[in-house]
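Structure first, commentary second.
Quick caveat, the model's predicted, so the values are computed rather than measured.
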Amino acid sequence: MVHWTMTMGELRTAMTDDLEIAYYDNGPADGPVAVLLHGFPYDVLSFEAVVPLLAERGIRTIIPYLRGYGPTRFRKATTLRSGQQAAIGQDLIELIDALELQRPVVAGYDWGGRAACIAAAVRP
């Protein structure tokens, strides 16, 4: 699936064990990476104004839809539909692994901020 907006970049998907995670990818492919995580009840468009600013500075941004949002989908009917922070933190770790990101900066607000903290604590 590929979809474009003017500022967010290309909408892509990554497969993890439990999810097909939809995310926007913007900025130089070889730049340092920032994974930006939205909160509840918002979505990826919360970062629409910041994406071009980061891209101008050579930073690649990955902005995923958290589980239960937008085009991110559960892959199995048996996967628990949980918004627990541990689950969202694990989703972030699995996304980083699926995209083979090396030492990305993770940042977010509300639920996304907690997920970033959990992922950073588990895998500093």
If you look at every heavy atom in [X] and [Y], which pair is closest and at what distance?
| X | Y | answer |
| --- | --- | --- |
| L95 | A14 | CD1-CB, 3.7 Å |
| A49 | P52 | O-CD, 3.6 Å |
| A55 | P28 | O-CD, 4.3 Å |

- Task: Answer yes or no: are there more than 12 heavy-atom neighbours, outside Q84 itself, under 6.0 Å from its atom CD?
- Result: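 Counting neighbours around CD of Q84, 12 or fewer heavy atoms of other residues, nucleotides or ligands fall under 6.0 Å, so no.
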- Of R75, K76, R81, the residue whose pairing with D18 passes salt bridge (charged side-chain N to carboxylate O under 4.0 Å, His left out):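 Exactly one pass, corresponding to K76.
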- Task: Would you sort out whether V106 and I96 count as a side chain to side chain contact (heavy atoms under 4.5 Å, CB included), showing the intermediate values?
- Result: CA-CA 10 Å; V106 293; I96 289 167; 4.0 Å; yes
- Task: Flag yes if F40 and F74 sit in one hydrophobic cluster, no otherwise; membership is Ile, Leu, Val, Met, Phe, Trp, Tyr, and two members link when side-chain heavy atoms are under 4.5 Å apart.
- Result: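 Same hydrophobic cluster.
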- Task: Group every Ile, Leu, Val, Met, Phe, Trp and Tyr by side-chain heavy-atom contacts under 4.5 Å, then state whether I118 and Y109 land in the same group.
- Result: no
Heavy atoms, side chains only, cut-off 4.5 Å: are [X] and [Y] in contact?
| X | Y | result |
| --- | --- | --- |
| P64 | Y69 | no |
| L11 | P71 | yes |
| L37 | L92 | yes |
| V122 | I93 | yes |
| V33 | I59 | no |

- Query: Cation over ring, R12 on Y24, under 6.0 Å and within 45°?
  - Reply: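 Not satisfied by the 6.0 Å and 45° rule.
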- Item | Derivation of the side chain to side chain contact (heavy atoms under 4.5 Å, CB included) call for R73 and L19 | CA-CA 6 Å; R73 298 286 177 252; L19 298 173; over 6 Å; no
- Any chance you could measure I62, atom CD1, to I21, atom CD1, to the nearest 0.5 Å?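 The CD1 atom of I62 sits 11.5 Å away from the CD1 atom of I21.
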- Query: OG of S46 to CD1 of I63: how many Å apart, nearest 0.5 Å?
  - Reply: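 The CD1 atom of I63 is 10.5 Å from OG of S46, to the nearest 0.5 Å.
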- Note on the structure: Residue pairs meeting salt bridge (charged side-chain N to carboxylate O under 4.0 Å, His left out), one or both in residues 91-112, sequence neighbours left out, come to R67-D91, D97-R123
- Name of the residue among N26, L101, D30, L54 meeting side chain to side chain contact (heavy atoms under 4.5 Å, CB included) with R60: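 Considering N26, L101, D30, L54, a side chain to side chain contact (heavy atoms under 4.5 Å, CB included) with R60 is found only for L101.
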- Between T72 and Y23, is any side-chain donor less than 3.5 angstrom from a side-chain acceptor? no
- Taking the six-membered ring for Trp and the full ring for Phe, Tyr or His, determine whether the centres of H38 and F47 are under 6.0 Å apart. no
